[in-house]
Amino acid sequence: MKRLIFLPMLCWAALLVAQEKYNAIILEDEESFVMSAPTSGTYNVRRTVRVFNDAGLDEAVFQEYTDQFRSLSSFKGTLERENGKPLKLKKDDLVMVSVASGLAEDGFVHGYQPSSTYPFTVTYEYTITYRKGVASFPTFFPVSSEKVKVEKASYTFQVPSGTKINCVTSKVGDVRKETGKADTYRWEVPVFEGYTAEMLMPSWREIVPYVFACPADFTYAGMNGSQATWEHVGAWVHGLREGTDDLPESFRAELKEMTAKAGSDLEKIRILYDYLREHTRYVSIQLGIGGYKPFPASQVHKTGFGDCKGLSNYMQSMLDAVGIPSYYTLVNTNRADFLPGYSGVGQMNHVMLCVPLPEKKDTLWLECTNPAVPLGYRHEDVAGHEVVVTQAGGGIPVRVPAYADTLSRDVCELDLELAPDGAAKATVKRSLYLDETESWLSIRDWKPDTRRSRLTSGLTVQPQEVTLTGVQDNFRDYDGPDFCPWMEVDYTFDTRQYATTGKDRLFVPVNPHPKGASLQRGKRQNDLVCKQGGIERDRIWIHLPAGYKPESLPNPVSLDTEWGTFTSSCELKDGTVVVFQEFITKRFREPAERFDDFRTFVRAVNKAYQANLVLVKE
């Protein structure tokens with residue numbers, strides 16, 4: 001009897017420990033894919049997840065995409081709640097949403113999100129049937145959220161005997177391969193204790209278990225292709241464009257007329273890029289051959305919308321109409337490097353246009369989904385990334401040139417008139433360079449509320465009136481490889497309480513836009529990784545109210561470390577305190593054990609940014 005009582009107590013204690021340590025536990029994730037023929041296959045999943053809190057809920061959400069190439073053949077599940085009767089789930093319980101927002105009936109997402117008190121356990125069993133082609137096997141990615149333990153997980157796929165595959169894996173153990181009438185590959189994940197999401201952490205590729213795989217040779221929608229190398233991938237994708245450059249002849253003639261007076265290819269490209277911005281809009285839809293084939297140019301011209309493939313193909317067709325060669329280019333905007341040794345079209349998530357420009361000894365990388373991006377600028381989601389430039393002879397893997405970190409700058413000049421009661425009026429000039437301009441590209445189109453919130457974001461004081469007084473940029477000044485986009489934003493604001501008043505004293509922040517970073521508590525789990533540097537520079541003039549003088553000024557600060565450099569100074573000049581602060585961040589990778597040193601540096605920076613100067617009555 002004592003033993004029977006003791007065992008439930010142990011189980012309850014283990015549950016309490018798990019709830020404190022994990023957001024969720026994946027009790028089982030058994031996935032398999034059987035490729036019965038080059039154009040068909042069956043994907044089966046059984047997944048059981050125990051969820052302890054809101055942070056673990058994502059792991060228990062069911063979500064699968066279907067289109068003309070794959071369908072949800074069966075679905076069932078169970079939701080088990082504490083002290084409640086298990087709830088059986090069926091296909092009718094799923095929500096189905098069109099990915100094209102009603103613009104087309106090609107792709108849908110089927111989803112279900114459990115609703116229950118915590119903890120609860122949910123089990124899904126479902127089958128997805130593939131038809132008309134298999135370009136990629138389902139990706140095995142058993143965990144995507146922090147503090148989620150994997151107790152049991154495996155991935156099996158079976159292909160016709162002799163089928164060559166491309167594959168890249170991490171943290172899934174060694175493959176077990178069996179050959180015969182069919183070739184079977186199986187991976188089993190050792191117990192995975194989860195990871196902790198932290199600021200400046202390594203890429204997910206270093207942290208979580210995964211399997212990416214695809215057939216080296218395949219047939220998709222009646223088109224044969226190969227993924228043996230990026231050259232083969234590029235050739236197949238190039239072939240998908242065949243017949244899609246079908247601009248109406250009348251429009252081709254119009255394009256030639258539009259560019260007839262242009263004095264250079266650059267001027268022609270600018271005219272067509274402007275046309276793209278004014279006459280099309282981006283819509284995220286995955287149509288055509290499984291999301292790989294672009295909309296015909298004639299359809300984009302007629303409707304005025306398209307996804308990245310359709311708009312890039314449309315721009316390429318317009319350039320071709322005026323005799324300028326360009327190349328349809330595959331890129332992954334989320335990671336700069338290809339998965340090592342793995343060439344597969346499913347690895348890419350975006351298309352852009354590569355336009356050689358010999359007259360400027362440069363290559364333009366056109367972002368056709370957002371022509372507000374300055375012509376000649378490589379935005380932060382592609383600069384430094386490996387891409388595949390496609391052409392008739394095959395794909396050419398290249399890396400889009402990156403920019404020097406020192407070109408990325410946010411420079412703020414702030415002139416502040418301080419009143420004796422602590423109120424202040426400020427005039428601000430903010431100069432943004434390179435990627436710092438990206439979130440400000442459409443400032444002229446912002447609504448008043450958006451403009452106010454963006455201009456005052458990060459302020460440590462409550463502004464009353466905020467007025468945008470001017471916007472300048474050099475976005476149309478591209479003239480070669482050294483082009484760096486720049487934007488100047490001028491505005492004013494006033495506040496009733498910039499300084500805190502005390503007996504005969506004013507406590508005045510030296511910087512109303514502090515750039516300091518928040519720091520985690522507790523032990524660091526991951527390496528410290530910073531992949532991009534930059535410069536933040538502030539120069540502030542605080543004009544003192546009549547009858548006041550500094551009682552004390554913050555001490556100067558000068559730090560030079562492997563993390564970055566920081567300089568701060570305050571000096572009095574003719575009744576004005578002049579503040580200069582500059583933070584230059586560097587690229588680095590350091591082990592977690594160095595976190596205390598990093599924290600010491602960041603705390604010193606934060607202290608300088610948050611410093612006050614003290615004024616007293618004369």
Side-chain angles (χ1 to χ4, degrees), residues 203 230-231 233-234 237 264-270 272-273 276 308 311-312 315-316 319 324-340 343 347-391 393-410 432-439 441 473-487 529-535 584-589:
S203 163
W230 285 119
E231 181 180 359
V233 171
V237 172
S264 65
D265 281 353
L266 173 60
E267 192 175 345
K268 291 180 181 179
I269 294 168
R270 188 180 300 283
L272 299 188
Y273 199 54
L276 183 72
C308 63
L311 294 175
S312 296
M315 183 67 184
Q316 185 172 14
L319 290 170
I324 297 177
S326 61
Y327 302 95
Y328 192 79
T329 301
L330 310 176
V331 60
N332 189 305
T333 57
N334 295 326
R335 54 178 181 266
D337 303 318
F338 293 149
L339 292 168
S343 51
Q347 189 175 163
M348 303 306 197
N349 69 352
H350 189 55
V351 170
M352 62 188 311
L353 213 57
C354 168
V355 187
L357 194 62
E359 67 188 55
K360 296 296 181 183
K361 298 181 180 179
D362 197 9
T363 297
L364 302 181
W365 303 89
L366 300 190
E367 181 51 76
C368 301
T369 62
N370 183 13
V373 172
L375 187 69
Y377 170 56
R378 307 178 294 276
H379 64 80
E380 64 177 341
D381 287 340
V382 300
H385 286 224
E386 288 187 286
V387 302
V388 177
V389 177
T390 71
Q391 52 185 359
I396 303 175
V398 300
R399 190 178 293 276
V400 177
Y403 293 97
D405 288 346
T406 50
L407 292 177
S408 178
R409 288 169 287 162
D410 184 344
L432 307 154
Y433 299 82
L434 209 68
D435 57 304
E436 294 290 349
T437 66
E438 291 189 21
S439 61
L441 292 175
D473 62 58
N474 71 339
F475 293 170
R476 300 186 69 84
D477 295 343
Y478 166 81
D479 196 39
D482 296 330
F483 172 68
C484 175
W486 158 85
M487 171 182 279
V529 180
C530 181
K531 297 181 179 179
Q532 184 175 357
I535 298 174
I584 302 176
T585 53
K586 302 177 183 178
R587 300 185 185 214
F588 57 80
R589 177 158 189 156

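Just so you know, these numbers use all the heavy atoms, side chains as well, and skip hydrogens, waters and symmetry mates. Please read all numbers here as calculations on a predicted model, not as lab measurements.
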Tell me whether [X] contacts the main-chain N or O of [Y] through its side chain, where contact means a donor paired with an acceptor under 3.5 Å.
X      : Y      : result
Thr406 : Ala404 : no
Glu359 : Ser264 : no
Thr437 : Trp486 : no
Ser312 : Cys368 : no
Arg399 : His385 : no
Glu436 : Asp410 : no
Glu367 : His379 : no
Gln316 : Ser326 : yes
Gln347 : Asn332 : no

For [X] and [Y], which heavy atoms make the closest approach, and how far apart are they?
X      : Y      : value
Lys268 : Ile324 : CB-CD1, 3.8 Å
Asn474 : Phe483 : O-CE1, 3.4 Å
Leu276 : Met315 : CD2-SD, 4.2 Å
Arg378 : Pro401 : NE-O, 2.7 Å
Pro485 : Pro374 : CB-CG, 4.1 Å
Val388 : Gly234 : CG1-CA, 4.4 Å

Kindly compute the distance separating [atom1] ([X]) from [atom2] ([Y]), expressed to the nearest 0.5 Å.
X      : Y      : atom1 : atom2 : answer
Met348 : Trp230 : CE    : CH2   : 4.0 Å
Leu432 : Leu434 : CG    : CG    : 11.0 Å
Asn370 : Met352 : CG    : CE    : 11.5 Å
Gln391 : Glu231 : CD    : CD    : 9.0 Å
Ile269 : Leu357 : CD1   : CG    : 5.0 Å
Arg587 : Gln532 : CZ    : CD    : 6.0 Å

Next on the checklist: Under the ring-ring contact (aromatic ring centres under 6.0 Å, His included) definition, can you give me all pairs with a residue in residues 353-378, not counting sequence neighbours?
Outcome noted: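 Of all non-adjacent pairs touching residues 353-378, those that pass ring-ring contact (aromatic ring centres under 6.0 Å, His included) are Tyr377-Tyr403.
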Checklist entry - Can you tell if the side chain of Thr329 reaches within under 4.5 Å of the side chain of Thr390, non-hydrogen atoms only? => result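 Side-chain contact under 4.5 Å: no.
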Next on the checklist: Do Phe338 and Ser343 have side chains that approach each other closer than 4.5 Å (heavy atoms only, starting at C-beta)?
Outcome noted: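 A side-chain contact under 4.5 Å is absent here.
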Side chain to side chain donor-acceptor pair (under 3.5 Å) partners for [X], two or more places apart:
X      : result
Asn334 : none
Lys360 : Asp479
Asp473 : Arg444
Ser408 : Asp435

Checklist entry - For Tyr328 and Val351, what are the C-alpha separation, side-chain angles and deciding distance, and is it a side chain to side chain contact (heavy atoms under 4.5 Å, CB included)? => result CA-CA 7 Å; Tyr328 192 79; Val351 170; 3.5 Å; yes
Item to check | Set of residues satisfying side chain to side chain contact (heavy atoms under 4.5 Å, CB included) with respect to Ile584, sequence neighbours excluded | outcome: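 Residues passing side chain to side chain contact (heavy atoms under 4.5 Å, CB included) with Ile584: Ile535, Thr565, Glu582.
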Checklist entry - Given Val355 and Leu366, is the side chain to side chain contact (heavy atoms under 4.5 Å, CB included) satisfied, shown in steps? => result CA-CA 7 Å; Val355 187; Leu366 300 190; 3.9 Å; yes
